[in-house]
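Each remark here refers to the structure printed beneath this line.
All residue numbers in this chain count up from 1 along the given sequence.
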Amino acid sequence: MFSWIFIFWFLQINKFVSAAIYNISSCYYKISEEFHREGDVVIGAFLPLHTFHTGKKKPHLTIPYYYLDNKIQYNFKNYQYILALQFAIEEINGNPNLLPNISLGFDFYNVRFTGKYILDITFNWLTALGDGNHIPNYNCKKRNFTAALTGTSWITSAQIGTLLQLFKFPQITFGPYDLLLSDRGQYPSLYQMAPKDTSLSLAIVSLMVHFRWSWVGLILPDDHKGNKILSDFREEMERKDICLAFVKMTSDAWTSYFYKFWENIDETNVTIIYGDIDSLEGVIRNIEQRLLTWNIWIMNIEHHVIDRADYFMLDSFHGSLIFKHHYRENFEFTKFIQRVNPNNYPEDIYLPKLWYLFFKCSFANINCHVLENCQTNASLDVFPRHIFDVAMNAESTSIYNGVYAVAHSLHEMRLQQLQMQPYENGKGMVFFPWQIPQSVCSESCGLGFRKVTMEGKAICCYKCTPCAVNEISNETDVDQCVKCPESHYANTEKSNCFQKSVSFLAYEDPLGTVLVSIALCLSTLTVFVIGIFVKHRETPIVKANNRALSYILLITLTFCFLCSLNFIGKPTTAACILQQTTFAVAFTVALATVLAKAITVVLAFKVSFPGRMVRWLMISRGPNYIIPICTLIQLFICGIWMATYPPFIDQDAHTEYGHIIILCNKGSAVAFHSVLGYLCFMALGSYAMAFLSRNLPDTFNESKFLSFSMLVFFCVWITFLPVYHSTKGKVMVAMEIFSILASSTALLAFIFGPKCYIILLRPDKNSLNHIRK
């Protein structure tokens, strides 16, 4: 027993972890109640895709019927309704033989299952105002409405139908067939797409007979439909000698008799749940949460997984038997679903939510309708069936057929109007768009253009001007272009915004490959020089120029070359900090070593120094402290920099068209220039020391090479500053790498080049005899 409890508890962990840990963006909870697709004639679609629920019902102080603790709840399985609608409209618009030269569009309105709200959105659609200021019998935007598509609940269709029948407005319902809606006296303009059918209830009774289940329970909605279903079941069960253990009729207020509902529920192991999902959703979710075992559930509906945390592998309804009508698979609809994504349908308000929740996309900071960092192969057909089903269900099939019914009706009506027009007097003639001659002052402004009024001309006379940089217009005759978000760019036609691709100075780039190759070659060359000096460490030229300082300088130059590799590759916070700290410390040690060598030469020959000071410096080994002291000063500067305003990852969305360049921002410009200033100051100090010993004997004197290398180093970094500030993006990063390599190469070439020349090519000069001469 305890092992089973542990298994159930373990399988529920995913639910609790998902709810507690998953961090949901605030954009996920922001949703509009409508969106539109333009067309010459428009279908109004009233579909239930999201609703709001409240726990403690905290009322708003000024807004009636609104609660402060409202939480949005999406039903993504119903999103197939919108796809079926769009699929049918795209097929019709692409068919030259059906409604030629006339395009269908739609207005989508979300249905929340409250009477006040349903009537409100219906008025919004009929008046085309959308701001709550309804003017009956007046269409603000002069749009051509054709029919209203309503469902799935019969209550929703009935409430909308009560209003539409006042205007004799066509209404098509896609929910289950309802006898009440077939009353022509009450709903003269309503047509139901679902057929009147009792075959499912007969099939369920046949299953009872097959398995000899003669003692079953029945759960139905407490309305006129439930009474009709109960009558059908009882009639058929009595003929088959099947008895009802209990009958539970549920309504919206079923929670008021919650405990009474569960009485006698365990008298049978077989229970039938029959009705529509809108009426029975609350009961189904409660049964699911109770985790009832050893029960067989037979249903005509499939409960909806509202949230991915709701899906539990061993809930009460796993293994249940669901009776549904079979529909021929529409392969074109499956292909259509595979093409659906937020980029192809930017007006759709639900696709960004789906992509964010299931494909790990992120919302742009400036626009909750724009996504970033999405998977390239994301598609709706990869969802598990309990989240989204690619096969058309009964409601989607009714929507698809309903749209075609509207299109064929319009087509036939247009043909009849053409045939029956009274040409004698011209009264009552109806013209199609292609029959009407054009009479305009200015041609329409196409996609990517906007209208500009001409001074002194009528408002109908205007000229078309292209949209500005990174602005688009995806409709004709717009007054203003729309600016693309920072993370997107306008295509060449300026009709769409596309997401910019992320770019940085990568190892695979030609420029990155060249710089990496140069850095590795120079560091290898430095290691080779170290090997030469170690091999010839007892020769006069190596010993005479302070062998220990030469080793330190060569090792430091190796790190100087390698530190340039930190600037290549995708920037991270750690890499941005290492770029500047390793560069600053490595070059400080190198320059401090050069300064120590220069001071050592000056002290050795007592150039311009009093004898007492020279003696004190030589005894105290003063030059040995130059490297740590100079390095500590640079570390102090870097420490202040990292503590106050350290480098960070930044984006450049303007330098390269269609690309967002990721790079490291220096953070504090003052600190960065202080580091460079300190290095240049050390270079000038080393140059001054070397300049003082320029007239010493050539055999021992490397001062002229030290001074020349410092002069080149100083010139490189002085030249770097204006060039660095005048470039952007990858070129700016490459410029800094080039300066690092160039200044390091100057130190290596001018200080150690002549010595390697003598060691390798003129060994005769590298001897005591030559020195004595």
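- When ring centroids are compared, Tyr28 and Tyr74 come within the 6.0 Å threshold.
- Closest non-hydrogen pair, Lys353 versus Cys27, comes out as NZ-O, 2.7 Å.
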Enumerate, atom names and distances included, each donor-acceptor pair closer than 3.5 Å involving a side-chain atom of residues 329-337, sequence neighbours excluded.
unit_1	atom_1	unit_2	atom_2	d
Asn330	OD1	Glu332	N	3.1
Asn330	OD1	Phe333	N	3.1
Thr334	OG1	Asn330	O	3.4

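- To the nearest 0.5 Å, atom CG of residue Asn110 and atom CG of residue Leu47 are 8.5 Å apart.
- Donor-acceptor pairing under 3.5 Å is lacking for the side chains of Asn393 and Tyr81.
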> What do the steps show when you test Ser444 against Asp477 for side chain to side chain donor-acceptor pair (under 3.5 Å), and what is the final call?
Replying inline: CA-CA 6 Å; Ser444 294; Asp477 292 335; 3.3 Å; yes
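- Looking at heavy atoms from C-beta onward, Glu236 lies in side-chain contact with Arg239 at the 4.5 angstrom threshold.
- Side-chain rings of Phe359 and Phe383 approach one another, their centers coming within less than 6.0 Å.
- Atom-to-atom distance recorded for Glu395:CD and Thr173:OG1 is 11.0 Å, nearest 0.5 angstrom.
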> Can Phe388 and Phe358 be said to form a ring-ring contact (aromatic ring centres under 6.0 Å, His included), step by step?
Replying inline: CA-CA 11 Å; Phe388 183 86; Phe358 295 104; 10.0 Å; no
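- Closest approach of Ile322 and Ile301 over heavy atoms only: CG2-O, 3.8 Å.
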> Should Thr150 and Ser157 be marked as a side chain to side chain donor-acceptor pair (under 3.5 Å) after you check the CA-CA gap, both sets of side-chain angles, and the distance that decides it?
Replying inline: CA-CA 5 Å; Thr150 64; Ser157 298; 3.0 Å; yes
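- For the residue pair Asp232/Ser201, the side-chain donor-acceptor check at 3.5 Å is not satisfied.
- Two residues are said to be in side-chain contact when any heavy atoms from C-beta on lie closer than 4.5 Å; Ile172 and Met193 meet this criterion.
- When only modelled atom types and interatomic distance are considered, Ser396 and Gln80 share a side-chain donor-acceptor pair under 3.5 Å.
- For Phe76 and Tyr350, the gap between ring centers reaches or exceeds 6.0 Å.
- Side chains of Phe87 and Met392 form a contact here, defined as non-hydrogen atoms less than 4.5 Å apart.
- The side-chain heavy atoms of Asp223 and Trp154, taken from C-beta on, include a pair separated by under 4.5 Å.
- Here the CG-CZ distance, from Asn300 to Phe323, works out to 10.0 Å after rounding to the nearest 0.5 Å.
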>> Is there a side chain to side chain donor-acceptor pair (under 3.5 Å) between His36 and Glu34? Walk through the geometry before answering.
In response: CA-CA 7 Å; His36 312 275; Glu34 60 186 81; 2.9 Å; yes
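- Counting only distance, with no hydrogens or angles, the side chain of His411 and the backbone of Leu99 share a donor-acceptor pair below 3.5 Å.
- Residues Asn401 and Ser398 bring no donor and acceptor atom of their side chains to less than 3.5 Å of each other.
- Among residue pairs with one or both ends in residues 83-103, those qualifying as salt bridge (charged side-chain N to carboxylate O under 4.0 Å, His left out) are Arg37-Glu90; sequence neighbours excluded.
- Scanning for salt bridge (charged side-chain N to carboxylate O under 4.0 Å, His left out) contacts around Lys240 gives an empty result, with sequence neighbours left out.
- Using a 30° and 60° split on the angle between ring planes, Phe35 and Phe108 fall in the tilted class, from 30° to 60°.
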>> Evaluate Asp178 against His224 for side chain to side chain donor-acceptor pair (under 3.5 Å), listing each step before the verdict.
In response: CA-CA 9 Å; Asp178 191 279; His224 67 284; 2.8 Å; yes
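- A heavy-atom distance below 4.5 Å is found between the side chains of Arg234 and Val247.
- Distance check: Asp40 CG to Ser103 OG gives 3.5 Å after rounding to the nearest 0.5 Å.
- Using a 4.5 Å cut-off on side-chain heavy atoms (C-beta onward), Trp297 and Leu321 make no contact.
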